[in-house]
Amino acid sequence: MDNRWHADQENNMRPDVKANPCPWCGSSSTVVDSQLYKGEHINTWSAQASCHECGATAPDEFITSFPDHPLFEKYKNIDWEVEREVVNFAVQIWNARI
């Protein structure tokens with residue numbers, strides 16, 4: 001199951017974290033695509049932010065799994081079963097521009 005989150009959506013699929021403008025084209029039209037992975041005992045979400053205008057993408061959330069990454073502590077504490085939490089984390093990665 002895939003979902004698209006955007007700050008201007010009329011439904012409840014708006015990230016809680018405000019995305020910075022795209023560093024490549026300057027657009028403020030950032031979207032986050034989330035995907036559900038169904039496991040044998042647990043379902044987890046993955047999400048990645050991108051620019052709706054030029055298509056530039058942020059790194060996926062696994063870049064933050066390295067201990068020297070500034071978002072490492074947040075990465076360790078994400079509840080990967082909660083889509084909204086993972087989507088908000090994807091926006092934080094977009095904003096970090098590391």
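Computed from a predicted structure; not experimentally measured.
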*At what distance, to the nearest 0.5 angstrom, does CG of Asp79 lie from CZ of Phe89?*
13.0 Å
*Roughly how far, to the nearest 0.5 Å, is CZ of Arg84 from CH2 of Trp45?*
11.5 Å
*Rounded distance (nearest 0.5 Å) linking atom CG of Asn88 with atom CD1 of Ile93*: 11.5 Å
*Anything under 30° is parallel, anything over 60° is perpendicular, the rest tilted; go ahead and classify Trp80 against Phe62.*
parallel
_Quick check: closest heavy atoms across Asn77 and Glu85, and the distance to 0.1 Å?_
O-OE2, 3.6 Å
*Distance-only, no hydrogens or angles: does the Asn3 side chain make a donor-acceptor pair with backbone N or O of Leu36 under 3.5 Å?*
no
_Closest non-hydrogen atom pair between Ala56 and Trp94, with its separation_ = O-CZ3, 3.8 Å
*Carefully, step by step, assess Phe72 and Thr64 under the rule side chain to side chain contact (heavy atoms under 4.5 Å, CB included).*
CA-CA 5 Å; Phe72 177 69; Thr64 60; 5.8 Å; no
*In a check of side chain to side chain contact (heavy atoms under 4.5 Å, CB included) between Val31 and each of Arg4, Gln9, Glu53, which one passes?*
Arg4
*Should Val17 and Val86 be regarded as members of a common hydrophobic cluster, given that ILVMFWY residues are connected when their side-chain heavy atoms come within less than 4.5 Å of each other, either directly or indirectly?*
no
*To the nearest 0.5 angstrom, please state how far the CG atom of Leu71 sits from the CD1 atom of Ile78.*
9.0 Å
*Kindly indicate whether the side chain of Phe66, heavy atoms from C-beta on, has any atom under 4.5 Å from the side chain of Tyr75.*
no
*Evaluate the side chain to side chain contact (heavy atoms under 4.5 Å, CB included) criterion for residues Met13 and Val87: first the C-alpha distance (whole Å), next the side-chain angles of each, then the deciding distance (0.1 Å), finally the verdict.*
CA-CA 10 Å; Met13 295 181 68; Val87 166; over 6 Å; no
*Heavy atoms from other residues, nucleotides or ligands near NE2 of His52 exceed 12 (cutoff 6.0 Å)*: no
*Rounded to the nearest 0.5 Å, what's the gap from CG on Asp16 to CD on Gln92? Could you check?*
10.0 Å
*Evaluation steps, side chain to side chain contact (heavy atoms under 4.5 Å, CB included), between Asp33 and Gln48*: CA-CA 6 Å; Asp33 293 312; Gln48 187 172 30; 5.8 Å; no
_Given Ser46, which partner from the list Gln35, Glu61, Glu83 fulfils the side-chain hydrogen bond (donor to acceptor under 3.5 Å, both in side chains) test?_
Glu61
*Spacing of Thr30 atom OG1 and His6 atom NE2 [to the nearest 0.5 Å]*: 7.0 Å
*Report the C-alpha separation of Glu81 and Ile42 in whole Å, then their side-chain angles, then the decisive distance to 0.1 Å, and conclude whether the side chain to side chain contact (heavy atoms under 4.5 Å, CB included) test is met.*
CA-CA 8 Å; Glu81 294 179 84; Ile42 189 171; 3.5 Å; yes
